[in-house]
Amino acid sequence: MLWGLDAVDRLRPEAALAGLKNAVAVVVISHQLGGTIAEPMNDWLVTHPAAGIAAAWFYVALQSTVTAAVGLALIWRRVPTFGLHRNALVACNVIGLVVFWLYPVAPPRMLPGYHDITATAVPLFSGVLEGKAADQFAALPSLHVAWSLWVAVACAALLRRPVLRAAAWLYPAATAVDVLATANHYLLDVITAPGVVLLAYAIVLLPRFVRRLGWVRSGGADGCGSPAGDDRSAVGEQDDPRGHYDQRRHLDDHVYRPAGKALIQP
């Protein structure tokens, strides 16, 4: 689905020209937010080839493998909220790709002054997969960071220990550092990624909220249904399909029982 939407995204006319133009504005905003820290990080990877290779493979491999592993774990553990997390991940991609179409942005690696670490360390990925299958002008927002945040959120449904749940958030933190150091994203891309995840979950949860709100209004607020404290509605009618509730209640009024004792012991 992601590659299909990328293919549609690349059909946008004059995306390259608009992407390079918009990148200038994103650079200015990112620098105002403190994004200049990414440039020395990028230079450091150039002078340390081993770290550059590790950072490149982190960017290339972990987004798909870690996300897939967490998704399979949700299925294997039969987590009840699997559908919620699955739909939220799909919504993240749709939101991101809509933004890419409306506002394409060239990544830092395409601009002068930055080094394309991934192309140097993994030329096959840059030349074949990234260059052929992915949308090149899709920097803002960072789906790498969005996916890593999704992983941390989904791990809350898999991990029971608070320490492990907290440790899961180290992954999106490392992803944010990696995409900045490899010159694949700006600081503004990283900052907007949490908003994408929040919006995705909000979109998925909206139908449930609307249904629940409609049930509450029809059941209590509008007075059309029985109030929550109506024992006849809650117990008598639901547990008495033959409609003998009134007869039993009338009989109960005439049956003697000692004080302090119920007719039917719990």
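For residues 170-193, there are no ring-ring contact (aromatic ring centres under 6.0 Å, His included) pairs, not counting sequence neighbours. Annotation: side-chain hydrogen bond (donor to acceptor under 3.5 Å, both in side chains) contacts involving residues 64-79, sequence neighbours excluded, are absent.
L205 and L89 fall within a single hydrophobic cluster, where Ile, Leu, Val, Met, Phe, Trp and Tyr side chains are chained together by heavy-atom contacts under 4.5 Å. Follow the hydrophobic side-chain contacts under 4.5 Å out from V179 and you reach L111 in the same cluster. No continuous path of hydrophobic side-chain contacts links V24 to L187 [ILVMFWY only; heavy atoms under 4.5 Å]. Both I37 and L188 sit in one connected hydrophobic cluster of ILVMFWY residues. Membership requires side-chain heavy atoms under 4.5 Å apart, directly or through other members. Linking Ile, Leu, Val, Met, Phe, Trp and Tyr whenever their side-chain heavy atoms come within less than 4.5 Å puts L33 and V26 in one cluster.
We find the CG-CG distance between L102 and N22 to be 11.0 Å, quoted to the nearest 0.5 Å. Between the OG atom of S142 and the CH2 atom of W147 there is a distance of 11.5 Å, given to the nearest 0.5 Å. Going from atom CG of L143 over to atom CG of D189 covers 10.0 Å, rounded to the nearest 0.5 Å. One distance of note links CE of M41 with OG1 of T182; it measures 8.5 Å at 0.5 Å rounding. Between L170 atom CG and T175 atom OG1 the span is 10.5 Å, to the nearest 0.5 Å. Between the CD1 atom of I75 and the CZ atom of R86 there is a distance of 8.5 Å, given to the nearest 0.5 Å.
Annotation for V190 and A176: closest pair CG1-CB, 3.7 Å, computed over non-hydrogen atoms.
Using a 4.5 Å cut-off on side-chain heavy atoms (C-beta onward), F100 and P141 make contact. Using a 4.5 Å heavy-atom threshold, the side chains of P108 and N184 count as separate.
Grouping Ile, Leu, Val, Met, Phe, Trp and Tyr residues whose side-chain heavy atoms lie under 4.5 Å apart, directly or via other members, places I203 in a hydrophobic cluster with I95, V196, L199. V28 belongs to no hydrophobic cluster, as no Ile, Leu, Val, Met, Phe, Trp or Tyr side chain comes under 4.5 Å of its own.
Judged as a side chain to side chain contact (heavy atoms under 4.5 Å, CB included), and not counting sequence neighbours, the contacts of A154 are V70, L74, H85, W150. For H31, the ring-ring contact (aromatic ring centres under 6.0 Å, His included) test picks out no residue, with sequence neighbours left out. By the side-chain hydrogen bond (donor to acceptor under 3.5 Å, both in side chains) test, N87 pairs with no residue at all, sequence neighbours left out. Applying the side chain to side chain contact (heavy atoms under 4.5 Å, CB included) rule to A51 yields the partners W44, L45, H48; only residues at least two apart in sequence or on another chain are considered. L164 meets the side chain to side chain contact (heavy atoms under 4.5 Å, CB included) test with L159, R161; sequence neighbours excluded.
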Go through it in stages, so that I can follow the logic: the residues are V151 and W169, the test is side-chain contact (heavy atoms from CB on, under 4.5 Å), and I'd like the CA-CA distance, side-chain angles, deciding distance and then a yes or no. CA-CA 9 Å; V151 166; W169 290 94; over 6 Å; no
message: The test is side-chain contact (heavy atoms from CB on, under 4.5 Å); show your working for F137 and V105 and say whether it passes.
response: CA-CA 5 Å; F137 303 95; V105 177; over 6 Å; no
Original post:
Step by step, would you call L84 with Y201 a side-chain contact (heavy atoms from CB on, under 4.5 Å)?
Top reply: CA-CA 8 Å; L84 168 67; Y201 275 96; 4.1 Å; yes
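In the model, D43 has a side-chain atom that pairs as donor or acceptor with a side-chain atom of H115 under 3.5 Å.
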